[in-house]
Peer 1: 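My structure is below; once you've seen it, I'll send some questions.
All values derive from a computational prediction rather than experimental measurement.
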2 protein chains.
Amino acid sequence: MFNANAAHEITSHEIHPQEAYNQPQDQRLPRTAPMQAESSFKVACSNCNLRELCLPIGLSTDEMNQLDGMVATRKKVKQGGHLFSSGDPFTTLYAIRTGFFKTCVVSEDGREQVTGFQMAGEIMGLDGIVSDKHNCNAIALEDAEVCVMPFNHVEDLSRQIPMLQRHVHKIMSREIVRENGVMMLLANMRAEERLAAFLLNLLQRLHARGYSKSELILRMTREEIGSYLGMKLETVSRTFSKFSDDGIIEVKQKNIRILDHEKLQAIFNASTC
Amino acid sequence: MFNANAAHEITSHEIHPQEAYNQPQDQRLPRTAPMQAESSFKVACSNCNLRELCLPIGLSTDEMNQLDGMVATRKKVKQGGHLFSSGDPFTTLYAIRTGFFKTCVVSEDGREQVTGFQMAGEIMGLDGIVSDKHNCNAIALEDAEVCVMPFNHVEDLSRQIPMLQRHVHKIMSREIVRENGVMMLLANMRAEERLAAFLLNLLQRLHARGYSKSELILRMTREEIGSYLGMKLETVSRTFSKFSDDGIIEVKQKNIRILDHEKLQAIFNASTC
DNA sequence: GGGACTATTTGATATGCATCAAGAAGTCAT
DNA sequence: ATGACTTCTTGATGCATATCAAATAGTCCC
């Protein structure tokens, strides 16, 4: 659902290479899709190096070519910029090619609730389908690029390619299941369990993208973490400090190093105590 | 997505007529679909009196007939019975024809989290699509009947009827948006706001089904409400008592009468204070 | 590089809800 | 109808996290 070789096209003044998720790093796992010369790539899923995350597997060459019609264009979003806002008319889904987003809903009185953090290969905009307008804000937490997929195209192609249809359904179902998990977290867990769950989830998703299992850079503030986890930023900070004191993690601002993955897992399951 | 004239087929020993949501009541709004003789109805969406809630509008007669193939069969579930359980293989969606359900996920240590309450016309099982197995338990809170819709049928028909395809997408999107709202509730609201939001939501959904706006019967226990809202059953009870003391509602066990709808709404928006 | 801003950390105190407990009301089965 | 069970209500107390506050660290912008 988006094109490959992102790194080649990003100019260095846009991001800090050593910090950005959208740059390849030493820890990245090898990709099956070989790197290719950087010029002359059209917007196409068929040669996107993230297609294993984004698209259904097992498509025929023919279907792959059809699929390239799904992405109409690409769009860059600067850090802090809105990809879409609550109330905007809904016409397209977005696949993240590079960068990192948060989605949040805002109540009438202005309280903001972060409903999720999205990274490369993940789809945004599903909330807009039901009422033909977006129901949340999608804000880039670092400079980002997305594939614009007009929802009409997605639906048309889904009718022609059953495997794609199933894939779209799975993506929506996955989001429902994810939110079920967040409900469990918010309703039942204590601060330490929530933060452990949050870190483990981020690590797992980053690992699937070729990043280290024992290190990560938080793209969001303590306040945004707190919003997502239903706690105040001070509590997030205190809990980080506690994990640090207990030798579970090392915290250097937004850089987190996991020292004891098992202990973190144990806290998450602390349920079991 | 399910058949009509439920009331005619339910035998009285199964439910208490004066209490059940699955019985017509004085307060019900008139339906556009006329009541018909009770015998000889086959499983068919085309003559279901809930199709306005359940199905896309504006289908041609032809498409309507096609759609009748979607529901393979119907299934009765006794109060307390499982429609499906976490881990069960996923093959079908279910549309509630009559009755009332809860869905809940259970963490490894056994903590139960109610993720939703479902009533007539609503679809269950969407959580199962992503991993081909169900991710939660669906338990009947009163004797119920559902339409069994093999997911293969749904997908096949969706490819043939674009309006149905869009409808399925909307249903999934609606669930995502609903869960966004629950996240906001759990992360940001205080006990009174949560319970007010809960009551208003139930009232609104029941009203759409022809029930009174000022009265409802809770099908779930205080504990189940508490689980859904992220609070303990004692707090639910206390909050009901407080609303009662404040003249906002009248509580007689599971029977709730709304005395001051505006005040309830104000508490929900209490955010604004 | 320096000043203004934002983000983070840490401490002290307050509070909303959980927990523990016990009794009342309602429901079910025989 | 009667006893056993579940559900609900209400009170007393405790605790986890919110709130308030202030200092520190980091970042951005001229």
Side-chain angles (χ1 to χ4, degrees), chain A residues 13-16 18-20 78-80 102 111-112 114 141-143 185-196 217-245 249-256 267 270-271 273, chain B residues 13-16 18-20 78-80 102 111-112 114 141-143 185-196 217-245 249-256 267 270-271 273:
Chain A
H13 67 273
E14 290 179 351
I15 52 172
H16 306 285
Q18 63 278 47
E19 287 198 344
K78 283 268 168 201
Q79 184 176 52
K102 70 169 175 180
R111 278 187 289 193
E112 171 177 307
V114 173
L141 296 182
E142 62 179 1
D143 289 0
L185 180 145
L186 289 172
N188 281 313
M189 295 187 186
R190 287 172 311 104
E192 289 185 32
E193 299 174 58
R194 293 183 198 190
L195 195 63
I217 298 162
L218 300 171
R219 295 266 96 93
M220 69 295 284
T221 66
R222 304 288 191 261
E223 185 167 21
E224 286 161 339
I225 296 172
S227 173
Y228 183 60
L229 298 179
M231 48 208 253
K232 293 295 152 183
L233 70 95
E234 293 96 329
T235 307
V236 174
S237 178
R238 273 184 243 274
T239 309
F240 270 132
S241 298
K242 170 143 200 321
F243 284 176
S244 183
D245 292 348
I249 64 176
E250 193 179 294
V251 183
K252 269 211 202 92
Q253 290 298 119
K254 307 224 171 191
N255 300 270
I256 309 286
I267 290 170
S271 359
C273 296
Chain B
H13 67 272
E14 289 180 352
I15 53 172
H16 307 285
Q18 64 277 45
E19 286 198 344
K78 283 270 169 200
Q79 183 175 50
K102 70 169 175 181
R111 279 188 287 192
E112 172 177 303
V114 173
L141 296 181
E142 62 180 2
D143 289 358
L185 180 146
L186 289 172
N188 280 314
M189 296 188 185
R190 287 173 310 105
E192 287 183 33
E193 297 175 59
R194 294 183 198 191
L195 194 62
I217 299 164
L218 300 171
R219 295 266 95 95
M220 68 296 283
T221 65
R222 303 288 191 260
E223 185 167 21
E224 286 160 339
I225 297 172
S227 172
Y228 183 61
L229 298 178
M231 47 209 253
K232 294 294 152 182
L233 69 96
E234 293 95 328
T235 307
V236 174
S237 178
R238 273 184 244 274
T239 309
F240 270 132
S241 298
K242 171 144 198 323
F243 284 176
S244 183
D245 293 348
I249 64 175
E250 195 180 293
V251 183
K252 270 212 200 90
Q253 290 299 119
K254 307 224 170 190
N255 300 271
I256 309 286
I267 290 171
S271 355
C273 294

Peer 1: Heavy atoms only: give me the nearest A:Ala187-B:Gly230 pair and the separation to one decimal.
Peer 2: CB-CA, 3.7 Å
Peer 1: Does A:Arg222 use its side chain to pair, donor to acceptor, with the backbone of A:Leu233 at less than 3.5 Å?
Peer 2: no
Peer 1: If you draw a 6.0 Å radius around CD in A:Glu223, do more than 12 non-hydrogen atoms from other residues or ligands fall strictly inside?
Peer 2: no
Peer 1: Do B:Met231 and B:Ile225 touch side chain to side chain, with heavy atoms closer than 4.5 Å?
Peer 2: no
Peer 1: Please state how far atom NZ in B:Lys252 lies from atom P in D:dC8, giving the value in whole angstrom units.
Peer 2: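 Rounded to whole Å, this separation is 16 Å.
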Peer 1: Rounding to an integer number of Å, can you tell me how far A:Arg219 CZ sits from C:dA7 P?
Peer 2: 15 Å
Peer 1: In whole Å, what is the span from the CZ atom of B:Phe243 to the P atom of D:dT9?
Peer 2: 13 Å
Peer 1: Any side-chain N or O of A:Thr235 less than 4.0 Å from the OP1 or OP2 oxygen of D:dA18?
Peer 2: yes
Peer 1: Near DNA chain C, under 4.0 Å by heavy atom, which residues of residues 221-233 of chain B?
Peer 2: B:Gly230, B:Met231, B:Lys232
Peer 1: Mind calculating the distance between CG (B:Asn188) and P (D:dT17) to the nearest angstrom?
Peer 2: 16 Å
Peer 1: By salt bridge (Lys or Arg N to Asp or Glu O under 4.0 Å), which residues pair with A:Glu224, not counting sequence neighbours?
Peer 2: A:Lys102
Peer 1: Not counting sequence neighbours, which residues clear side-chain contact (heavy atoms from CB on, under 4.5 Å) with A:Gln253? List them please.
Peer 2: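 With neighbours one apart ignored, the set is empty.
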Peer 1: Rounding to a whole Å, what distance do you find between B:Gln253:CD and C:dT27:C1'?
Peer 2: 10 Å
Peer 1: Expressed as a whole number of angstroms, how long is the span from B:Leu186:CG to C:dC17:P?
Peer 2: 13 Å
Peer 1: Identify the heavy atoms of A:Leu185 and A:Arg194 that sit nearest to each other, and give their distance.
Peer 2: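 Between these two residues, the closest heavy atoms are O-NE, 3.6 Å.
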Peer 1: Find the distance B:Leu195:CG to D:dT9:C1' and express it as a whole number of Å.
Peer 2: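 Answer to the nearest Å: 15 Å.
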Peer 1: Which is true for A:Ser237 with a 4.0 Å heavy-atom rule: it touches a base, it touches only sugar-phosphate, or it touches nothing?
Peer 2: base
Peer 1: NA contact type, B:Lys254, heavy-atom cut-off 4.0 Å: base, sugar-phosphate, or nothing?
Peer 2: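 The answer is sugar-phosphate, as B:Lys254 gets under 4.0 Å only of primed atoms, P, OP1 or OP2.
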Peer 1: Name all stems that contain residues of DNA chain D, defined as runs of 3 or more consecutive Watson-Crick or G-U wobble pairs, both distances under 3.5 Å.
Peer 2: C:1-30 with D:1-30
Peer 1: Can you tell me the distance, in whole Å, between the CG atom of B:Asp245 and the C1' atom of D:dT10?
Peer 2: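 My rounded result for the distance is 11 Å.
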Peer 1: Could you run through nucleotides 11-16 of chain D and give me one letter per nucleotide, 5' to 3': B if any protein heavy atom sits under 4.0 Å from the base, S if only the sugar-phosphate is that close, - if neither?
Peer 2: BB----
Peer 1: Without placing hydrogens or testing angles, list every side-chain donor-acceptor pair under 3.5 Å for residues 236-244 of chain B, not counting sequence neighbours.
Peer 2:
unit_1	atom_1	unit_2	atom_2	d
B:Thr239	OG1	B:Thr235	O	2.6
B:Ser241	OG	B:Ser237	O	3.1
B:Lys242	NZ	B:Asp246	OD2	2.7

Peer 1: Determine, for A:Glu193 against B:Arg111, whether the closest basic-nitrogen to carboxylate-oxygen distance falls under 4.0 angstrom.
Peer 2: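 A salt bridge is present here (some side-chain N lies under 4.0 Å from a carboxylate O).
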Peer 1: What pairs with A:Glu250 under side-chain contact (heavy atoms from CB on, under 4.5 Å), at least two apart in sequence or on another chain?
Peer 2: A:Lys252, A:Arg257, A:Leu259
Peer 1: State, yes or no, whether a side-chain contact exists between B:Glu112 and A:Asn188 at a heavy-atom distance under 4.5 Å.
Peer 2: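 The answer is no; the side chains never approach within 4.5 Å.
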